[in-house]
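Accompanying notes for the structure given below.
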Amino acid sequence: MSFQPVILWTDALVYLLVFLLAITVWHTRRHQHLLMPWRRVAQSRIGQATMVILAFYVIVGLLDTLHFNPRSGEDEQGRAVYSTEVLSALDVIAGPLRTQREKTYSAPFATHLFSKETIERASGETVRDYPRLQYGGAHLAESGEGRVADVFAKAAFGALKGALVWLLLMLLLHRLRVRRVAHLLMPGSTHPWQIGGWTALLVLAVFAALWELAGYYHVLGTDKVGEDVFYQSLKSIRTGLLIGTLTTLVMLPAAILLGIMAGYFRGWVDDVIQYLYTTLNSIPGVLLIAAAVLMMQIYMSNHADEFNSLTERADLRLLFLCLILGVTSWTSLCRLLRGETLKLRELEYVQAARAFGVGHFRILVRHILPNVMHIVLITIVLDFSGLVLAEAVLSYISIGVDPATSSWGNMINGARLELAREPVVWWSLLAAFGFMFTLVLAANLFSDVVRDAFDPRLRRQR
Amino acid sequence: MSGSQSAPEPATEAAAPLLDVVNLATHIGGEERPVRAVDGVSFQIRRGETFVLLGESGCGKSMIALSIMRLLPHAGRIVGGDVRIDGRSLRTLSEAEMRSERGGRVGMIFQEPMTSLNPVMTVGEQVAEAVRLHDPDRRNQVTERVVELFREVGIPDPERRVNEYPHQLSGGMKQRVMIAMALAGRPALLIADEPTTALDVTIQAQVLELLRRLQRETGMGILLITHDLGVVAEMADRVGVMYAGELMEINDAAEFFRAPRHPYSRKLFRALPMAEKRRHGLDVIKGIVPALDQVFDHCRFADRCERVFDACRERQPPWRENGAGGYRCHLDPETALAATAAAASSASPDVERSGELLAVTDLKVHFPIHRGVMRRVVGHVKAVDGVELTIGQGQTVALVGESGCGKTTVGKAILQLQPPTAGEVCFDGVDLARLSSSELRAKRSDFQIIFQDPASSMNPRMLVEDIVAEGMVAQGIGGNRAERRKRVEALLAKVGMQPAAADRYPHEFSGGQRQRIAIARALALHPKLIVCDEPTSALDVSVQAQVLNLLRELQNSMGISYLFITHNISVVAYLAHQVAVMYLGRIVEYGDVDAVLGRPLHPYTEALLSAVPVPDPARQPDVVRLQGDMPSPINPPSGCYFHPRCPHAMAVCRDRYPPRLAADDGRQVSCWLLSPERQLEGAQV
Amino acid sequence: MSAYIIRRLLYALPILIGVNALTFVLFFVVNSPDDMARMHLGGKRVTDQSIQAWKEEHGYDKPLLINQAEQGMAKFTGTILYEKSIRLFLFDFGQSDSGRDISHDISQRMWPSLAIALPTLLVGLAVNITFALLLAFFRATYLDLWGVVICVAMMSISGLFYIIGGQFLVGKLLNLVPISGYDTGVHAWKFLILPVIVGVIGGIGSGTRWYRTLFLEEIHRDYVRSARAKGLSEQWVLFRHVLRNALIPILTGVVVVLPLLFIGSLLTESFFGIPGLGSYTIDAINNQDFAIVRSMVFLGAVLYIIGLLLTDISYTIVDPRVRLD
């Protein structure tokens with residue numbers, strides 16, 4: 001084998017998440033009443049468009065989760081020796097994006113570095129000028145002439161490839177019935193996934209164009225150490241998604257269990273749980289996170305030898321950040337669930353179950369839990385965007401992810417001081433904000449659709 | 001009549017009715033498939049007249065009111081017809097002109113006085129808003145006018161009340177404030193949309209009387225919307241019967257009660273539970289109301305009509321003018337009036353059974369009130385305060401009382417769903433309150449409960465099969481899954497449902513069907529006693545009849561006992577063997593149903609019974625009007641709890657609670673009027 | 001009412017004890033003072049003597065829970081638990097790890113924080129309510145639809161973008177006001193106006209959307225229908241009836257954060273160089289000054305609990321239905 005699979009802690013949790021998701025989908029498909037709200041989501045135009053965009057992010061994030069150690073050679077007995085470097089499937093696909101480093105800053109689509117250097121000409125004389133980039137636009141002439149035309153040609157070619165991929169995908173999905181696909185594109189057609197289909201075409205074409213260009217240029221420029229910003233932005237997707245989902249995943253069991261227990265049993269159980277979350281809630285979130293992360297930093301720096309690699313250490317720090325964010329964010333869900341359970345326990349079907357002599361545990365599992373799950377779902381989706389945004393802020397005040405982890409927060413943090421430069425280095429910032437904005441906007445719009453579909457109270461108001 | 005308007009010429013008054021609704025059509029929802037809530041309705045109201053729109057829920061009667069006011073919800077719109085007030089079309093008015101009509105010439109009051117007032121504004125201010133808008137003459141003395149209005153609608157101590165907030169008033173008082181608000185513009189027409197449905201009968205009687213008095217004094221026309229035939233009998237000059245968005249019959253009230261024309265109207269009367277129908281089952285209207293998002297090309301009642309014939313399914317019935325009104329049916333007047341054979345009675349005469357199943361002694365449920373720094377218990381809400389009851393095998397005991405009297409808590413305490421504070425609940429000779437939780441759980445199959453609201457009595461996320469089988473699973477009976485399934489199907493058949501219903505979710509059924517499923521669920525464990533907590537209050541009359549019939553059949557065939565908790569006296573008369581009347585946590589009168597309902601001895605029972613509107617204008621009782629509201633159970637009056645409202649209150653009533661006395665026919669009454677001491681006193685005087 | 005307040009204050013005590021216990025565990029049990037000292041002195045090649053010296057200098061040399069070397073009460077008072085944790089209850093914050101008097105710093109730095117946070121809150125409230133009323137008035141029209149879309153877009157933008165963008169646009173390109181810094185007295189406005197504007201704009205998206213939801217919830221209630229049935233105009237209904245009811249959740253939501261305004265915003269203050277408690281905290285985090293972080297956690301909890309109490313009291317003022325007892 002030319003590689004050795006590596007499963008980091010967060011990878012394992014992602015696999016668990018995917019597994020849970022698969023079970024949920026399987027379970028939902030078998031129950032009409034569970035499927036109904038999802039149908040409403042899928043019928044909504046915004047729902048379709050945002051689902052496609054989110055799916056794009058998720059695919060990139062998942063590719064970036066498949067980690068491995070590449071083979072670095074063979075030892076004396078001919079056994080494979082693996083490097084300690086941890087790569088992901090995304091790194092393999094991105095290939096040159098990762099390896100083709102420039103010296104320092106360069107603007108998007110630039111052929112020359114951003115700052116002047118002393119260059120030795122072939123003639124032997126030295127001048128101070130913008131040096132030619134090693135990889136960006138390397139196929140062009142030395143002066144970089146014909147760049148604009150080349151960019152457009154390459155972009156169009158890439159977009160075309162993307163459209164073809166899309167066509168293939170659609171044909172497969174429609175079991176090769178051309179009519180249905182044509183129907184999808186028709187303006188004003190009744191195809192249920194028209195908007196979704198168009199969004200997919202748009203996403204694929206834009207991404208393919210960028211990808212095509214990325215082979216020849218640094219489409220979003222390079223950063224201080226010459227790394228490709230487009231590559232960084234893609235790598236940051238996994239971090240953003242992890243923070244947004246794992247945080248909720250780790251806090252869910254506690255929030256659900258404590259919330260419905262407090263509401264159902266009331267009395268001293270309720271008092272204890274209320275005390276617990278009021279106490280945690282009373283510490284301003286940022287301060288609690290700061291304190292916890294500081295303590296973790298001390299622990300890690302004093303026990304540095306316990307970690308096999310930098311990647312592993314950064315990964316654990318990410319996981320810990322999710323945990324601590326979870327500790328600060330479970331209280332609101334817990335309170336919501338408590339309130340809802342207080343209402344549910346007085347409902348007549350719960351009373352009827354008690355009249356049958358049904359045990360507490362069974363009532364909680366059969367009657368309470370299924371009827372608060374929509375609140376849990378709405379909270380998960382609503383919290384997601386807030387957590388993605390929080391990552392950037394926390395990383396900025398250096399209590400976020402490890403500086404070695406690529407994240408939008410770290411990108412912003414690294415680039416913001418360069419705003420003072422003349423002329424301004426803006427591409428790192430804008431790339432990070434742009435990627436983050438697209439994800440968060442899609443998530444926000446999607447959460448609106450989900451909430452409307454799942455909250456019967458809101459539906460009645462319409 | 002409007003003071004600011006010049007009186008119309010007498011000649012035109014005769015010609016133009018006060019309100020003229022012409023072929024009104026109102027749609028709700030999307031253009032492609034709108035719900036035709038009102039589908040071509042015409043009627044007229046004259047000055048000083050009360051026109052009652054009668055109909056079951058969802059028939060479009062409220063939409064007519066909102067269409068007249070042009071206050072339809074966002075998705076609703078008037079698509080055809082016209083509404084004229086004094087000959088002036090309201091549809092063509094601009095929004096600003098319409099505003100001066102609303103609350104001006106047309107006032108409106110709503111069903112829910114609890115939520116219809118702004119909670120953060122004083123009631124006086126809310127009435128003052130209307131005065132300032134519609135009564136220009138009194139703009140300088142708004143406060144005086146508001147107090148005057150409050151006095152007019154019978155609110156005691158109006159000077160103080162104007163500064164109170166809605167939550168400080170009782171339901172009946174809030175409805176009076178709503179009426180005062182509507183009267184502020186001196187309306188020529190008052191629209192009252194189910195004004196008393198949310199109120200107790202004694203309060204309902206007060207409000208209805210107030211409306212009648214105001215009509216006499218001002219000569220306004222009233223459009224009253226209700227589902228209650230009793231209210232119709234008490235209030236109506238003329239009646240319009242609505243069904244599925246259409247008027248089925250318009251008739252003079254007296255004539256309507258003597259000889260209703262339309263088969264639907266006739267069915268409504270026969271579905272009404274009454275004492276006289278005890279020996280027979282109630283007539284039911286089979287099926288359910290058709291969906292209103294279709295265009296009808298035939299009679300919309302055809303599917304449920306017992307006199308249906310070919311024409312009914314082929315074309316729309318014509319409107320036949322007849323007598324003072326008319327009706328919409330293919331049957332001509334003579335045929336329509338011909339009596340139909342009474343439906344085959346499914347209920348057999350009562351079988352007398354003996355043997356005491358349940359004996360409740362001195363049952364108390366008190367809820368502590370905490371106050372102060374240490375949350376000390378400073379008092380108790382005495383929701384149930386010493387209730388005694390016995391239920392024989394195969395008997396039905398009805399527990400009657402107004403909201404807040406504690407009757408539901410009694411039911412829950414008997415089932416140990418609410419732990420009693422004191423007292424014994426002896427079921428089959430075992431005191432349930434003393435059982436350990438596991439012993440109690442094993443015994444739970446013997447007593448079951450049916451709830452009021454069929455919408456919330458079943459878990460929306462469970463299949464009907466699982467709902468019905470839940471008790472069997474919990475009690476570990478009924479064998480394996482396949483055997484349980486068989487039993488579920490048998491149970492569903494027993495309550496008149498298809499076996500296929502087991503594979504569906506509760507929301508796919510109508511209210512009446514859901515209540516049947518709830519009964520099947522209760523039957524699953526072969527209970528000896530079922531507590532029925534207002535099982536038909538959320539249902540329409542026609543559906544209520546189905547459920548009541550079913551309950552009776554089950555009692556006759558299986559010998560189940562019922563504790564029937566209700567506020568509906570006519571249901572009691574139809575179903576119960578014994579009746580207990582509750583007031584403020586205590587039973588004031590308890591005895592055989594014929595005796596108690598026929599010759600009430602306690603003044604409260606008397607007042608309660610006389611407040612119930614009887615669906616027969618010829619038989620209106622002499623009403624004993626109760627003043628004021630039921631006191632709070634936190635702080636009950638001294639002595640007899642009823643004395644502040646009692647027309648016969650004596651000195652002793654203020655001091656001591658009356659003992660339970662046995663009357664000669666075996667019933668128990670807690671009243672000083674019946675005590676030997678009183679007879680002694682009487683002798684001395 | 002007074003009984004209620006006393007009870008709430010008593011109830012606050014166990015919560016503060018909980019907060020205190022949590023921070024004590026976090027700061028002194030998870031990592032020992034030795035670890036902290038090593039961290040501060042830099043890396044592994046630190047001698048035990050220097051660690052000991054650092055601990056003595058900063059008062060971390062005592063035992064954690066019980067001091068066996070002392071007699072009487074000093075057994076308990078001569079400990080880290082007492083010196084560093086319990087004394088917080090007396091609002092005695094002690095000295096920071098860099099030797100500054102924390103209480104003095106807090107009393108100095110809370111005013112600049114307030115000078116930014118309070119105007120941001122008030123202006124933001126006014127702006128958001130205005131926009132939300134506008135959207136509610138034109139509900140179910142294109143104005144409403146696009147208003148909501150813009151709100152969602154605005155709340156999807158990172159707060160960092162608003163700050164960086166605002167500094168860049170107003171400070172650097174247009175050169176209207178200084179990018180960062182602070183001045184005392186009236187001249188402070190130059191430094192305050194940009195952070196306030198940025199803060200308000202950053203909050204418009206979520207604020208307007210939330211208030212709009214509150215308004216729409218009220219608009220569908222029965223009493224609004226009765227108000228219309230009286231013949232009141234739509235504007236009157238909106239301002240006199242809907243606004244007054246919707247203001248109850250809005251105001252109480254504001255009251256709970258009022259005390260926390262003293263702590264200020266970490267981001268804004270550090271970006272704009274405002275010498276408030278927010279930047280104080282950030283500096284402490286960056287310098288790993290645990291004494292300050294610990295004090296701020298405790299202070300934050302105290303202010304939050306005061307906020308909760310004020311919320312309950314404010315309910316009784318704005319909502320006639322609520323009585324505390």
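Just so it is clear: chains get the letters A, B, ... in the order the sequence lines come, proteins before strands, and each one is counted from 1. Everything quoted here is computed from the prediction, not taken from an experiment.
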Exercise. Quick one: of A:Leu439, A:Leu288, A:Val440, who has the most non-hydrogen atom pairs under 4.5 Å with chain C?
Worked result: A:Val440
Interface moiety of [X] toward chain C, non-hydrogen atoms closer than 4.5 Å:
| X | answer |
| --- | --- |
| A:Leu276 | neither |
| A:Phe433 | side chain |
| A:Leu280 | side chain |
| A:Tyr275 | both |
| A:Val393 | both |
| A:Leu430 | side chain |
| A:Ile412 | side chain |
| A:Ile399 | side chain |
| A:Asp448 | side chain |
| A:Ser385 | neither |

Among the listed options [options], the residue most often paired with chain A at heavy-atom distances under 4.5 Å:
| options | value |
| --- | --- |
| C:Ala140, C:Pro14, C:Gly159 | C:Pro14 |
| C:Thr23, C:Thr281, C:Leu160, C:Leu267 | C:Leu160 |
| C:Phe271, C:Phe168, C:Phe27 | C:Phe271 |

Is it the backbone or the side chain of [X] that comes under 4.5 Å from a heavy atom of chain A, or both, or neither?
| X | answer |
| --- | --- |
| C:Arg209 | side chain |
| C:Leu266 | side chain |
| C:Leu26 | both |

For this session: Examine C:Phe28 together with C:Phe24 and report whether their ring centres are nearer than 6.0 Å.
Result: yes
Exercise. Between A:Phe384 and A:Phe446, is the gap from one ring center to the other below 6.0 Å?
Worked result: no
Exercise. Passes side-chain hydrogen bond (donor to acceptor under 3.5 Å, both in side chains), A:Thr199 versus A:Gln48? Steps please.
Worked result: CA-CA 8 Å; A:Thr199 318; A:Gln48 292 177 10; over 6 Å; no
For this session: Begin from the C-alpha positions of C:Tyr223 and C:Glu218 and carry the test side-chain hydrogen bond (donor to acceptor under 3.5 Å, both in side chains) through to its verdict.
Result: CA-CA 9 Å; C:Tyr223 70 83; C:Glu218 289 296 325; 2.5 Å; yes
Problem set entry | N-O pairing of A:Asp271 and A:Arg266 below 4.0 Å | no
Exercise. Do you know which two heavy atoms are closest between A:Pro403 and A:Arg317, and how far apart they sit?
Worked result: CD-NH1, 4.3 Å
Exercise. What closest approach, in Å, do A:Asn444 and C:Ser156 show between heavy atoms, and which atom pair accounts for it?
Worked result: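 Result for this residue pair: ND2-OG, 2.9 Å.
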For this session: Under the side-chain hydrogen bond (donor to acceptor under 3.5 Å, both in side chains) rule, what do A:Asp223 and A:Tyr105 come out as? Steps first, then yes or no, please.
Result: CA-CA 5 Å; A:Asp223 73 348; A:Tyr105 290 116; over 6 Å; no
